[in-house]
There are 2 protein chains.
Amino acid sequence: MPEIRLKKTEIRAENESRILKSAERIFARHGFRGSSMRMIADDASIPKANIHYYFSSKEKLYRRVVERIFTVWLEAAASFETSNDPHAALHSYISEKMEISRLYPDGSKVWANEVIHGAPIIHDFLTSALEDWTNSRIVAMRRWIEEGKIRDVEPRWILYMIWATTQHYADFAHQIETLNDDKALSINQWQQARDTVFDIIWAGLEPKD
Amino acid sequence: MPEIRLKKTEIRAENESRILKSAERIFARHGFRGSSMRMIADDASIPKANIHYYFSSKEKLYRRVVERIFTVWLEAAASFETSNDPHAALHSYISEKMEISRLYPDGSKVWANEVIHGAPIIHDFLTSALEDWTNSRIVAMRRWIEEGKIRDVEPRWILYMIWATTQHYADFAHQIETLNDDKALSINQWQQARDTVFDIIWAGLEPKD
DNA sequence: GTCTATAGATTGATAGAC
DNA sequence: GTCTATCAATCTATAGAC
């Protein structure tokens, strides 16, 4: 009965996707413990028991959500080229990170929430992919410094500054909107913010003549 | 019986202080919903029922914790002088914010956690004190721009950059330590990070000649 | 002011009919 | 694959003895 099995696979894919999307939104808004399976089920318009049918436990569902977020992060990470043009590499990376904050703020919030609480569930992500990536970029930035392409600044503080500033626009969106007359940032404001973030950081790295 | 009343007052002050300190640590580590009154009671070595005796409900205890954090924030806010020396004002403010991240990371985490989740409990802080303070500093920075003392950059993106970067060292401390061979930053590293944050931001604001 | 016992509500998870 | 009913654990909060 190949037809029936195909259909079941499609139903599974469709439902899993709907649940993951709702879970990301609910976890972002209420945190892991503050989110109940019932809230996620209601948001996805799927009976609560079915969430357990597709994802055996709340923790496994949460981990799947974080894995999705990490995939998005990896795509942005790739845009930080270790070529020999720091201006282009940093501009591309910062722009990409700001776009992620604008388009997927929930993912950023779940990640922030997890790290704030000591990364009890995703610690392995930090000590593997993130650590490798960070060290490779630090090496690249050190080379730029030796070649006189950027100023002599400890690379890791620059990376933290980029992460902090770009992710702030997602994680603290509520505060930013409150200070913006309770309105979300307009496209123009997003562009201006993105350009300012890059301009300030680049002004601090650009070699003085 | 003035003696007995005095002693009771002292006991109350002592116990309330112990509970608030434990609550801040537990809330920072596990979030509001992830923290139970039992965890806070155990951390403070005080019977669970007594927490309810001193603070009528979990939410009121949480609010008292956030009020304490806001007091610390206000002290740092005062160090951002609206005088006519932007270099001194920003250096003082950034240094103060970095010190807060170093000395009171738990408070910063509770605040971040709250804003990430849409500030359900502290929304009034955002729309009163924080909004007033922010607007006053934006006015001051606009004046600096008109007087040619800093470059023409939208002040609010600068403020967000300062908040994001300084608070990142508290909120994402776990990630930073993981990338630092699982060790907390040394005093030297804190100083270097603080100086770098200021230098980069000032390089982007300092008028070009 | 301290502390045990417990009420009342909510939660993650599962059993079992359809 | 869907969904109702329900269990067992946990939580906030309080009553009441000391």
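Convention: sequence-line order gives letters A, B, ...; per-chain numbering from 1.
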Specify the separation, in whole Å, of atom [atom1] of [X] and atom [atom2] of [N].
| X | N | atom1 | atom2 | result |
| --- | --- | --- | --- | --- |
| A:E14 | D:dG1 | CD | P | 13 Å |
| B:I51 | D:dT12 | CD1 | C1' | 13 Å |
| A:K58 | C:dT10 | NZ | C1' | 11 Å |
| A:Y54 | C:dG12 | OH | P | 20 Å |
| A:N50 | C:dG16 | CG | P | 18 Å |

Distance test, side-chain N/O of A:Y53 to OP1/OP2 of D:dC3, below 4.0 Å | no

OP1, OP2 of C:dT14 versus side-chain N and O of A:H52: anything below 4.0 Å?
-> no

When the ring planes of A:Y62 and A:F27 are compared, do they come out parallel, tilted or perpendicular, using 30° and 60° as the limits?
-> perpendicular

In residues 27-49 of chain A, what residues come within less than 4.0 Å of DNA chain D, judged by heavy atoms?
-> A:P47, A:A49

Under 4.0 Å between any heavy atoms, over every strand shown, what does B:F55 touch: base, sugar-phosphate, or nothing? Just pick one.
->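 Since no nucleic acid heavy atom lies under 4.0 Å of B:F55, the category is nothing.
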
Qualifying residues under side chain to side chain donor-acceptor pair (under 3.5 Å), relative to B:W163, sequence neighbours excluded | B:Y93

Taking atom CD of B:E16 as the centre, does the number of heavy atoms from other residues, nucleotides or ligands within less than 6.0 Å exceed 12?
-> yes

What do you reckon, is CZ of A:R137 surrounded by more than 12 foreign heavy atoms closer than 6.0 Å?
->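 Check passes, neighbour count above 12.
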
From D:dT2, C:dA13, D:dT12, pick the nucleotide closest to the side chain of A:N15?
-> D:dT2

B:I11 side-chain proximity, nearest of C:dG1, C:dA13, D:dG1 | C:dG1

Provide the full list of salt bridge (Lys or Arg N to Asp or Glu O under 4.0 Å) pairs with a residue in residues 92-101 of chain A, sequence neighbours left out, each pair given once.
-> A:E99-A:R102

Side-chain H-bond candidate by donor/acceptor type, B:H168 with A:H168, under 3.5 Å =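 Result is no, nothing qualifies.
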
